[in-house]
Each structure stands twice: as C-alpha cells, then as structure tokens.
Trainee: 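Supplied in structure tokens, the structure appears directly below.
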Amino acid sequence: MSIYIKSMLAVALTGVLANSAMAADGTINFTGDIVAASCNATAGSGSNVSGEKGAQIINVKLGKVPIDSLKGSTSIVAGTPINLDLDCGSTGTGLKLVKVQFDPRSGSGVDSSNGSLLKIAGGATAATGVGIGIYDLSGKLLNLGANETFNSELLEETTGTGATATTKYSAKLNMRTAYVANGATLKAGVANGTLPFTLTYE
C-alpha cells in the first residue's frame, strides 16, 4: 500500500472518530442560583460543633452499644440528638427554608445492605451488620441513598423600626442519629462513619 493511500485512510479514520466523539444521546440541563445566605452553626443540646463557617465539624458520640440490642431490632438504637442552631445574620433575605443535604458517597459511603443508611467505615476491626441512620423528629428515617434532605424553616426576626430596623435570620436543625441493623450478619467492632453535608436554601 502506498504512502499516499495510507495517509488518506488515516485522514478518513480521524474524521470518523471525531464525528463519533461528538455524537450525543441526550442533554442534561442544570438550573440553580448562587445565594448570599451564609449561616454559622452553633451547638444546641447534645451537639458538639467546631471549625469555621463553611467547614464546620459536628462530632456525634453514639457510645458503646451492645450487639444484642441490634438483633431483630427495627427501632432506634442508641438514639442521639444532633441539635444545631443556625445564625444567618442578615443574609437570608427572601429565603424561607434551609435544607441539610447529605453526601454519603463523599464520606464513608451508602450501606450496601440498606441504602437509607450510612456505611460503617471499613477496616479489619470494623463492625458489620449495622449502619448509621439519620432521623427527623417524627422518627422518620431519611433515605441517604436517595438524597433525602432534612428541612427546617428559616425564621425572620426584625428589631427596631424605620431606618434603624435590622432583620436577622435563624433556624434550628433538630435531628437524631442511631445505629440501625441492616440485615447482614452482625459482628462487634468499631462503628465509625463520616457524612459530609451542605446547607442549601429555598
């Protein structure tokens, strides 16, 4: 085969590959807004918050739970409150709702036996047969794998009148967390987990 023919084939093949790379099966449209809301979380009862706004750490101690309490259990085991007070200053103008949006996949993961639960962090000493659940105050288990959010009303409070009036926004986030049997074989061990979250607003 001549050099000329090889060159023409190479050009033709490049064109085919370029066209196939540009083919599309659909379109994803993203919508949203960047808002000025900026809230600082402080600890309510049962919570421990550290770090600066936008990078805060909530440490929750679930304690040492006997494995027998998890066997056949469908109730909250070692339920622990996560109570947070949000101070949003004057940045919540026009907003009515604050949502806690969880991202388990960026943390220790979604439990493979029960997609509603947070996976226990791995390792040779890790407990099995159990995950970590997040509950609202009515006792409803949030489905972490389905991106369910915990929502709370953003409260508006105005002090003063006329030109001296100031408006501040706040919210209370009151949740519970607990160990939950996931249906797999239970084994005692370390039962830690990590769950990144983001505050979003409506």
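Numbering starts at 1 and runs along the sequence shown. All values below come from the heavy atoms of this structure, side chains included, with hydrogens, waters and symmetry mates left out.
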Trainee: Any chance you could measure K96, atom NZ, to E153, atom CD, to the nearest 0.5 Å?
Mentor: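 These two atoms lie 8.5 Å from each other.
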
Trainee: Name the one of N151, L199, L154, T198 that satisfies side-chain contact (heavy atoms from CB on, under 4.5 Å) with K99?
Mentor: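 Output: one option passes, namely N151.
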
Trainee: Between OG1 of T177 and CD1 of I82, what distance do you get to the nearest 0.5 Å?
Mentor: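 So the gap between those two atoms works out to 5.0 Å.
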
Trainee: As an exercise, state the distance from CG of L70 to CG of L186, rounded to the nearest 0.5 Å.
Mentor: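 CG of L186 is found 6.0 Å from CG of L70.
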
Trainee: Can you tell me if K140 has over 12 outside heavy atoms packed within less than 6.0 Å of its NZ?
Mentor: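 Result for NZ/K140: enclosed.
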
Trainee: So which heavy atom on A124 is nearest to which on K187, and how close?
Mentor: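 Where A124 meets K187 most closely, the heavy atoms are O-NZ, 3.9 Å.
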
Trainee: Would a hydrophobic clustering, with Ile, Leu, Val, Met, Phe, Trp and Tyr connected at side-chain separations under 4.5 Å, put L173 with L155?
Mentor: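 The answer is no; the residues belong to distinct hydrophobic clusters.
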
Trainee: So do the side chains of L117 and L144 get within less than 4.5 Å of each other, counting heavy atoms only?
Mentor: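 Contact flag for L117/L144 side chains = no.
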
Trainee: Side chains of N182 and V180: closer than 4.5 Å at any heavy-atom pair?
Mentor: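 Result no, sub-4.5 Å side-chain heavy-atom pair not found.
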
Trainee: Taking the side chain as C-beta and beyond, is there a heavy-atom pair between Y179 and I132 under 4.5 Å?
Mentor: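 Answer yes - side chains close enough.
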
Trainee: Heavy-atom distance under 4.5 Å between the side chains of V65 and V130, does that happen here?
Mentor: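 The answer is no; the side chains never approach within 4.5 Å.
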
Trainee: For N174 and F150, which heavy atoms make the closest approach, and how far apart are they?
Mentor: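 Smallest heavy-atom distance, with atoms named: O-CZ, 3.2 Å.
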
Trainee: Rounded to the nearest 0.5 Å, what's the gap from CG on L142 to CG on L118? Could you check?
Mentor: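 CG of L118 is found 12.0 Å from CG of L142.
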
Trainee: Establish whether V49 and I134 are linked, either directly or via other cluster members, by ILVMFWY side-chain heavy-atom contacts under 4.5 Å.
Mentor: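 Yes, V49 connects to I134 through the hydrophobic network.
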
Trainee: Using the test salt bridge (Lys or Arg N to Asp or Glu O under 4.0 Å), find all partners of K172 that sit at least two apart in sequence or belong to another chain.
Mentor: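 Salt bridge (Lys or Arg N to Asp or Glu O under 4.0 Å) list for K172, sorted by chain: D85.
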
Trainee: Report yes or no: do S90 and T167 form a side-chain donor-acceptor pair below 3.5 Å?
Mentor: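 Result is no, nothing qualifies.
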
Trainee: What side-chain donor-acceptor pairs closer than 3.5 Å can you find for residues 102-110, not counting sequence neighbours?
Mentor:
{"unit_1": "D103", "atom_1": "OD2", "unit_2": "S106", "atom_2": "OG", "d": "2.6"}
{"unit_1": "R105", "atom_1": "NH2", "unit_2": "G145", "atom_2": "O", "d": "3.4"}
{"unit_1": "S108", "atom_1": "OG", "unit_2": "K119", "atom_2": "O", "d": "2.8"}
{"unit_1": "S108", "atom_1": "OG", "unit_2": "T194", "atom_2": "N", "d": "3.2"}
{"unit_1": "S108", "atom_1": "OG", "unit_2": "T194", "atom_2": "O", "d": "3.4"}

Trainee: Testing the basics here: between A165 and T158, what is the closest heavy-atom pair and its distance to 0.1 Å?
Mentor: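 The answer is CB-CG2, 4.2 Å.
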
Trainee: If you look at every heavy atom in A126 and A121, which pair is closest and at what distance?
Mentor: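 A126 and A121 have their closest heavy atoms at CB-O, 3.3 Å.
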
Trainee: Determine yes or no for a side-chain-to-main-chain donor-acceptor pair under 3.5 angstrom, with S116 supplying the side chain and G133 the backbone.
Mentor: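 Not at all, since once roles are kept as given, no pair shorter than 3.5 Å links the two residues.
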
Trainee: At their closest point, which heavy atom of Q101 faces which heavy atom of T200, and how far apart are they?
Mentor: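 Of all heavy-atom pairs spanning Q101 and T200, the closest is OE1-CG2, 3.4 Å.
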
Trainee: Please name the pair of heavy atoms, one in Y201 and one in L95, separated by the smallest distance, quoted to 0.1 Å.
Mentor: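 Nearest pair, atom of Y201 first, then L95: CB-CD1, 3.7 Å.
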
Trainee: Measuring from atom CG of D136 to atom CE of M175, what distance do you get when rounded to the nearest 0.5 angstrom?
Mentor: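 Those atoms lie 10.5 Å apart.
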
Trainee: In the structure I gave you, are the side-chain heavy atoms of T93 and Y169 within less than 4.5 Å of one another anywhere?
Mentor: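 Yes, at least one pair of side-chain atoms sits under 4.5 Å.
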
Trainee: So how far is it from N40 CG to D87 CG, rounded to the nearest 0.5 Å?
Mentor: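 Between atom CG of N40 and atom CG of D87 there are 6.5 Å.
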
Trainee: Tell me whether T91 contacts the main-chain N or O of S38 through its side chain, where contact means a donor paired with an acceptor under 3.5 Å.
Mentor: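 Looks like yes, one N/O pair under 3.5 Å.
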
Trainee: Using atom types as modelled and distance alone, determine if a side-chain donor or acceptor of Q56 lies under 3.5 Å from a backbone N or O of A41.
Mentor: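 It does hold such a pair.
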
